[in-house]
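A quick note: this is a predicted structure, and the numbers were derived from the prediction, not measured.
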Amino acid sequence: MPALPDSFFDRDAQTLAKALLGKVIRHRHGDLWLAARIIETEAYYLSDKGSHASLGYTEKRKALFLDGGHIYMYYARGGDSLNFSAHGPGNAVLIKSAYPWQDTLSGPDSLAQMQLNNPDASGNIRPQERLCAGQTLLCRALGLKVPHWDAQRFDAERLYVEDCGNAVPRVIQAARLGIPHGRDEHLPYRFVDAGYARFCTRNPLRRGQVEGRDFFILEQGS
């Protein structure tokens, strides 16, 4: 299957954040293709106080100001985080979490390598459902590092995003996670594949959450 073209990413950040759900990230590790299905994203805008771009242009943040389809990586919570630039300077999507993906290209050996890349705190094999359940866990499992990919384009021989035909009939929309108080933390720019909600960073459907107040359900295409 061909990699998604740069034009796929050249759209509004929220639109892109929803469109990326169900897509598969593939990263080459030696002879293996490590892969994960995107299940959670967050949209960011230049005008949004929660975004890195709102702090202004720097050489480190330049990927955020480039055309859609550039890779922006940074360190967060002691690990690497993966973002894709969207349409318009300063706009981007953070890949918040994913779920290990297996097919004929990325089989059991690829999953085993991802588990070796990302053991738990005790050095034990991390359960498959928790392997990519967070932005830094995802990058660790896939072997993605800031020095290798920040401000780069996708490369069909090393790193790309693919449409494997995964349907995402329902999307959960909610406020983003980890945004400091007073930095537009209320904006509902987080999107979760409803079928994988229990495997994302924080389940938006957990007990105590109320639809219409804490989250919204979007039908595919909304």
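For an aromatic pair to be called close, the ring centres must be under 6.0 Å apart, and Phe154 with Trp149 fails this. Aromatic ring centres of His70 and Phe84: separated by at least 6.0 Å.
Judged by the 6.0 Å distance and 45° axis criteria, Arg198 is not positioned over the aromatic ring of Tyr196. The side-chain tip of Arg153 does not point at the ring of Tyr160 from less than 6.0 angstrom away and within 45° of straight on.
Between Lys18 atom NZ and Arg11 atom CZ the span is 10.5 Å, to the nearest 0.5 Å. The line from SG of Cys139 to NE2 of His27 is 10.0 Å long, rounded to the nearest 0.5 Å. Between Cys164 atom SG and Arg37 atom CZ the span is 9.5 Å, to the nearest 0.5 Å. Here the CG-CG distance, from Asn118 to Leu137, works out to 5.0 Å after rounding to the nearest 0.5 Å. The distance from atom OG1 of Thr136 to atom CG of Leu82, rounded to the nearest 0.5 Å, is 12.0 Å. With values rounded to the nearest 0.5 angstrom, Thr201 atom OG1 is found 6.0 Å from Arg190 atom CZ.
Using a distance-only test at 3.5 Å, with no hydrogens or angles considered, no donor-acceptor pair links the side chain of Ser97 to the main chain of Ala133. Under the 3.5 Å distance criterion, the side-chain polar atoms of Arg130 are left unmatched by any main-chain donor or acceptor of Pro127. The backbone N or O of Ile217 sits nowhere less than 3.5 Å from a side-chain atom of Arg170 that would complete a donor-acceptor pair. Asp184 contributes no side-chain N or O that, together with a main-chain N or O of Gly50, makes up a donor-acceptor pair within less than 3.5 Å. Formation of a donor-acceptor pair under 3.5 Å by the Ser110 side chain with backbone atoms of Leu32 is not found in this model. Remark: the backbone N or O of Ile95 is not paired with any side-chain donor or acceptor of Asn83 at under 3.5 angstrom. Proximity of a side-chain donor or acceptor of Arg140 to a complementary backbone N or O of Leu142 within less than 3.5 Å is not detected. Checking side-chain atoms of Glu185 against main-chain N and O of Arg183 turns up a donor-acceptor pair under 3.5 Å. Asn124 places no side-chain N or O within 3.5 Å of a backbone atom of Asp120 that could act as its donor or acceptor partner. Judged by distance alone, the side chain of Tyr45 and the main-chain N or O of Gln14 form a donor-acceptor pair under 3.5 Å.
Side-chain atoms of Leu94 and Thr41, non-hydrogen and from C-beta on, never get closer than 4.5 Å to each other. Using a 4.5 Å heavy-atom cutoff, the side chains of Asn117 and Leu34 are in contact. The side-chain heavy atoms of Arg77 and Gln135, taken from C-beta on, include a pair separated by under 4.5 Å. Inter-residue side-chain proximity for Tyr72 and Val146 is flagged as unmet; no heavy-atom pair is nearer than 4.5 Å. Using a 4.5 Å heavy-atom threshold, the side chains of Gln128 and Leu131 count as separate. Contact of the Tyr57 side chain with the Lys62 side chain is registered, since non-hydrogen atoms from C-beta on lie closer than 4.5 Å. For the pair His52/Thr58, no side-chain contact is recorded, criterion being any heavy-atom separation below 4.5 Å from C-beta on. Annotation: side chain of Gln115 is not in contact with side chain of Arg126 (no heavy-atom distance under 4.5 Å).
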field: side-chain contact (heavy atoms from CB on, under 4.5 Å) between Leu159 and Ile25, worked out
entry: CA-CA 7 Å; Leu159 173 66; Ile25 304 171; 3.9 Å; yes
query: Yes or no on side-chain contact (heavy atoms from CB on, under 4.5 Å) for Phe215 and Gln209, after CA distance, side-chain angles and deciding distance?
result: CA-CA 8 Å; Phe215 67 89; Gln209 300 298 288; 4.0 Å; yes
Stepwise side-chain contact (heavy atoms from CB on, under 4.5 Å) test for Met73 and Ile71: CA-CA 6 Å; Met73 293 193 71; Ile71 298 164; 3.8 Å; yes
- prompt: Given the rule in the salt bridge (Lys or Arg N to Asp or Glu O under 4.0 Å) test, do Asp48 and Arg176 qualify, once you have shown the distances and angles that lead to the verdict?
  reply: CA-CA 12 Å; Asp48 164 12; Arg176 296 169 302 189; 2.4 Å; yes
- request: Could you please spell out the steps behind the side-chain contact (heavy atoms from CB on, under 4.5 Å) verdict for Leu64 and Asn91?
  value: CA-CA 6 Å; Leu64 294 173; Asn91 305 331; over 6 Å; no
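Under a hydrophobic clustering in which Ile, Leu, Val, Met, Phe, Trp and Tyr are joined whenever their side-chain heavy atoms come within less than 4.5 Å, directly or via other members, Leu21 and Leu218 fall into the same cluster. Connection of Val161 to Leu144 is established within a shared hydrophobic cluster, with ILVMFWY side chains joined at heavy-atom distances below 4.5 Å, either directly or through further cluster members. Ile172 and Tyr189 end up in different hydrophobic clusters when Ile, Leu, Val, Met, Phe, Trp and Tyr side chains are linked at under 4.5 Å. No continuous path of ILVMFWY side-chain contacts below 4.5 Å connects Tyr44 to Leu66, so the two sit in separate hydrophobic clusters. Using a 4.5 Å cut-off between side-chain heavy atoms of Ile, Leu, Val, Met, Phe, Trp and Tyr, with links allowed through other members, Trp101 and Ile38 fall into different hydrophobic clusters.
In plain terms, the two heavy atoms of Asp214 and Gly208 that are nearest each other are OD2-O, 3.9 Å. Scanning both residues, Gly90 and Ala53, for their nearest heavy atoms gives O-CB, 3.3 Å. Cys132 and Ala141 make their closest contact through SG-CB, 4.0 Å (heavy atoms, listed as atom of the first residue, atom of the second, distance). Of all heavy-atom pairs spanning Trp33 and Ala156, the tightest one is CH2-O, 3.7 Å.
Between the side chains of Asp109 and Gln113, not a single donor N or O lies within less than 3.5 Å of an accepting N or O. Looking only at atom types and distance, the side chain of His87 has no donor-acceptor partner in the side chain of Asp12 under 3.5 Å away.
Open room surrounds CZ on Arg202; 12 or fewer heavy atoms of other groups in view lie less than 6.0 Å from it. Counting non-hydrogen atoms of other residues, nucleotides and ligands closer than 6.0 Å to NZ of Lys145 gives a total of 12 or fewer.
Between Lys23 and Asp193 no salt bridge is recorded (no basic side-chain N to carboxylate O distance below 4.0 Å). Under the 4.0 Å criterion applied to side-chain N and carboxylate O atoms, Arg26 and Glu162 are assigned as salt-bridge partners.
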